[in-house]
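Below, read A as the first sequence line, B as the second, and so on, with proteins coming before strands; counting in each chain starts at 1.
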Amino acid sequence: MNPKKLISSIAAAALKYVSLLLAVFAALYPLLSIVVTAFKSPEEYASTNVMTLPASWLYFDNFIQAWTKAKMGLAFFNSGIILLFVLAGSIMLSSMTAYALNRFSFFANQIVRNLFLFASLIPGVAMQVTVYQIMYSLHLINSLHGYIILLLGTDVISIYIFLQFFETLPKSLDESAIIDGSTYFGVFFKILFPLLQPAVVTCMILKGVATYNEYYMANMYLQDKNRFPVVATSLYTFTGPLGNQYNFICAGVIITIIPALIIFVAGQKQIYAGLANGAVKG
Amino acid sequence: MDEHRVKRRRAFRQRLVSQRSQQLFTVFVFLLIPLTLLGVFTYFPFAKMAQFSLYDMRYIGKRTFVGLRNYLDIFTREELFRTLRLSFYYLAASFVQLALALFFASVLSFKVRAAGIFKGIIFFPFLVSGIAIGFIFKFFFTRGFVLDTLLIFMGFEQSQLPYWLRDSQVNNIMLAATSVWRYMGQNMVLFIGAIMSVDPQLYESAEMDGANTWRKFLNIILPSIQTIIVLNMILSITGSISAFEPPYVITNGTFGTGTYFVVMNSMAHEKQKVGLAAAMAIVLMAIIVLVTAIQKIIVKVFFEEDKNGMIFSERRAMKKRLAKKRKEASA
């Protein structure tokens, strides 16, 4: 290699790694600040700069306080129940919807598709002006099942994921099963549903992240924070007239992030693939 | 003989009919719950909202019909209309975000040590919940705290630094930047996915032709992801008009950071000007539907493959080449 080329390739490599390290720093620096703060005692927090490392990395008092004060045990339990029902419900309902729309021609097929498409364009926050009244008159406020139904009722992305996936499943599968005497229900549940697994994973990831992190509607419809805290809204406990108690908040934030971190490390590949599959095309 | 055939035909037709009715029954059963939910939680509230937008009303109490006055208010009342201008901060931020994502996706698609770790860390902020992000950045921007510590370490004086969330010169820029922090990695992962779907042989043959990194970027990477880039650019228009989370969770719209959506939210739930909030929601939806329609047209014209599997730019290049050849032949 001639010297000129060598220099330019070294420069390119340096640029590459320096830019990547800068990006990593930018991603981690805000998170690092809350880790540092979560391990400081109140006196330490008051007397040192926020980025000064804590005296001891074994000071867990903030985590214990955050866990008990914000009722995080109950919050994780509630979030778990919500996740279970929302994921199961949304996978069933959206795969069935996609099956009906993809496999059968009927007079309103295109109309139904357009109804879902239009619904997907409406930002959820905009709808809450009147959805609140409906939730109120259906007695669905302050109940986990009400919140679950609402999350299921506004789920359009999953339908699109399944619709896209059904395009790739050949219709000959259905036809041969019908000739063998299967019903359409049988075709869906026994033959097609097991084949939907990649779409189910995508849907679980996208819907799972969105549900676990949802706080706007949770705050609005699960108002009784003593009975129905969820993980995302449990952090609100530490704001209030006394000002922000950052030691507890930082510990609480870390507690809420840990499950996401574990799932991410365990299922990185599926998450990336799920995102790529879920990207709305056209 | 003949009778036999008629019987068979009738049986066949009956089976067809029963199959068709079975199909319709299946469709009915499978769509019953989803369509009910869609009606109850989307279209009924939407209709109600259209109705409310014509009234001066609170949730409870007397309603006065005011016609289109709420809509006029949105466009004539300065404090409402100016909120739409904040969208430009978020639009600019989302273009920065796309550029960064494109840069890092390209870098990571070449040979890089520990690429998986870099990718994972840059992506991770996407998994942090909105409410946690609110706390993290309230803390981050507090005077003398996280950001100031870094800048003072780099040689600035505390007195030179603004109040990041109060100073209207910088606060909207900072809020939009948090959204870059959150979503850049996700964009990057999508781009890497699109780049990886390119046939690796293309890279090998480019390598053999002695193409440098820049050439490879221009000729292989960019064409493979141009569709997804354009889609994201258009999506960022609707995204920035409906920007909500950063100001909602970090500043709650104070100090001039209230975007259109944040103001609509407080009109609806704090000030209880339900009619005005409903009109604001409807106007926003109209804008979004319009932009989406334009997006569909652009995608159809420029990025849909024709029967030869070519998109707009390829067809044009082909035409040029043909014209050139014809010229050469005639000369």
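When heavy atoms are compared at a cutoff of 4.5 Å, Leu121(A) approaches chain B by way of both its backbone and its side chain. Heavy-atom distances place both the backbone and the side chain of Leu127(B) under 4.5 Å from chain A. Both the backbone and the side chain of Phe145(B) have a heavy atom closer than 4.5 Å to some heavy atom of chain A. In this structure, chain A has heavy atoms under 4.5 Å from both the backbone and the side chain of Met49(B). Both the backbone and the side chain of Val40(B) come within contact range of chain A, each with at least one heavy atom under 4.5 Å from a heavy atom of that chain. For a residue to count as touching a neighbouring chain, one of its non-hydrogen atoms must lie under 4.5 Å from one of that chain's; by this rule Leu108(B) touches chain A with the side chain only. Only the side chain of Thr37(A) comes within less than 4.5 Å of a heavy atom of chain B; its backbone N, CA, C and O stay farther away. The part of Thr154(A) that comes within reach of chain B is its side chain, from C-beta onward, which places non-hydrogen atoms under 4.5 angstrom from that chain. For Val24(A), the parts sitting under 4.5 Å from any heavy atom of chain B are the backbone and the side chain alike. With a threshold of 4.5 angstrom between heavy atoms, Lys111(B) approaches chain A through N, CA, C or O but not through any side-chain atom. At a 4.5 Å heavy-atom cutoff, the contact between Ala26(A) and chain B is made by backbone atoms alone. For Phe28(B), no part lies near chain A; criterion is any non-hydrogen pair under 4.5 Å. For Tyr215(A), the part sitting under 4.5 Å from any heavy atom of chain B is the side chain, from C-beta outward, and nothing else. With a 4.5 Å cut-off on non-hydrogen atoms, Phe25(A) touches chain B through its side chain but not through its backbone. In this structure, chain A has no heavy atom under 4.5 Å from any part of Ile117(B). For a residue to count as touching a neighbouring chain, one of its non-hydrogen atoms must lie under 4.5 Å from one of that chain's; by this rule Ile131(B) touches chain A with backbone and side chain alike. In this structure, the portions of Ile121(B) lying under 4.5 Å from any heavy atom of chain A include both its backbone and its side chain. Using a 4.5 Å cut-off between heavy atoms, Phe118(A) contacts chain B through both its backbone and its side chain. Heavy atoms closer than 4.5 Å to chain A are found in the side chain of Tyr43(B), but not in its backbone. Of the atoms belonging to Val27(B), heavy atoms from both backbone and side chain fall under 4.5 Å from chain A.
Ring centroid separation for the pair Phe52(B) and Tyr55(B) does not come in under the 6.0 Å cut-off. Here Phe185(A) and Phe30(B) bring their ring centres to under 6.0 angstrom of each other. If you look at Tyr99(A) and Phe104(A), their ring centroids are closer than 6.0 Å. Aromatic pair Tyr246(A)/Phe139(B): ring centres closer than 6.0 Å.
Along residues 260-268 of chain A, the residues that come nearer than 4.5 angstrom to chain B, judged on non-hydrogen atoms, are Ala260(A), Leu261(A), Phe264(A), Gln268(A) in order of number.
Interface check for chain B: of the options Leu152(A), Leu31(A), Thr256(A), Val112(A), the most heavy-atom pairs under 4.5 Å are formed by Leu31(A). Between chain A and the options Leu284(B), Leu150(B), Val128(B), heavy-atom pairs under 4.5 Å are most frequent for Leu150(B). In terms of heavy-atom pairs under 4.5 Å with chain B, the best-connected choice from Asn109(A), Ile178(A), Thr233(A), Asn49(A) is Asn49(A). For chain B, the option among Glu214(A), Met92(A), Met220(A) with the highest count of heavy-atom pairs below 4.5 Å is Met220(A). The candidate from Leu15(A), Val253(A), Leu150(A), Leu115(A) with the greatest count of non-hydrogen atom pairs under 4.5 Å with chain B is Leu115(A). Taking chain B as the reference chain and counting heavy-atom pairs below 4.5 Å, the highest number among Leu101(A), Ile122(A), Val231(A) is found for Ile122(A). Residue with the most contacts toward chain A among Gly193(B), Ala278(B), Gly120(B): Gly120(B) (heavy-atom pairs, distance under 4.5 Å). Of the listed residues (Met280(B), Gln186(B), Arg182(B), Arg113(B)), the one with the most heavy-atom contacts under 4.5 Å to chain A is Arg113(B). Heavy-atom pairs under 4.5 Å with chain A were tallied for Val107(B), Val146(B), Leu24(B); the largest tally goes to Val146(B). Between chain A and the residues Leu38(B), Val29(B), Ile282(B), Ile33(B), the largest count of heavy-atom pairs under 4.5 Å involves Leu38(B). The most heavy-atom pairs under 4.5 Å with chain B, out of Gln128(A), Met135(A), Arg103(A), Lys16(A), come from Lys16(A).
Applying the side-chain hydrogen bond (donor to acceptor under 3.5 Å, both in side chains) test to pairs two or more places apart or on separate chains, those with a residue in residues 19-29 of chain B are Tyr184(A)-Gln23(B), Arg20(B)-Gln23(B).
What you find for Thr259(B) and Ala243(B) is that their closest heavy atoms are OG1-O, 2.8 Å. When every heavy atom of Met285(B) is checked against every heavy atom of Ala126(A), the shortest pair comes out as CE-CB, 3.9 Å. Listed here is the closest heavy atom pair of Phe116(A) and Pro34(B): CZ-CB, 4.2 Å. Taking all atoms of both residues into account, the shortest heavy-atom contact from Phe261(B) to Ser242(B) is CD2-O, 3.4 Å. Smallest separation of non-hydrogen atoms from Ala105(B) and Phe191(B): CB-CB, 3.6 Å. Across Met184(B) and Phe104(B), no two heavy atoms sit closer than the pair CE-CD1, 3.7 Å.
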Evaluate side-chain hydrogen bond (donor to acceptor under 3.5 Å, both in side chains) for Asn70(B) paired with Ser53(B), printing each intermediate quantity in order. CA-CA 7 Å; Asn70(B) 288 325; Ser53(B) 72; over 6 Å; no

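Judged by a 6.0 Å distance limit and a 45° cone about the ring axis, Lys119(B) is positioned over the six-membered ring of Tyr272(A).
Just one residue in the list Asn247(A), Thr52(A), Thr48(A) forms a side-chain hydrogen bond (donor to acceptor under 3.5 Å, both in side chains) with Lys40(A), and that residue is Thr48(A).
Listed by chain and residue number, Tyr216(A), Phe244(B) satisfy the ring pair (Phe, Tyr, Trp, His ring centres under 6.0 Å) test with Tyr248(B) (two or more places apart in sequence, or in another chain). For Asp148(B), there are no salt bridge (charged side-chain N to carboxylate O under 4.0 Å, His left out) partners two or more places apart in sequence or in a different chain.
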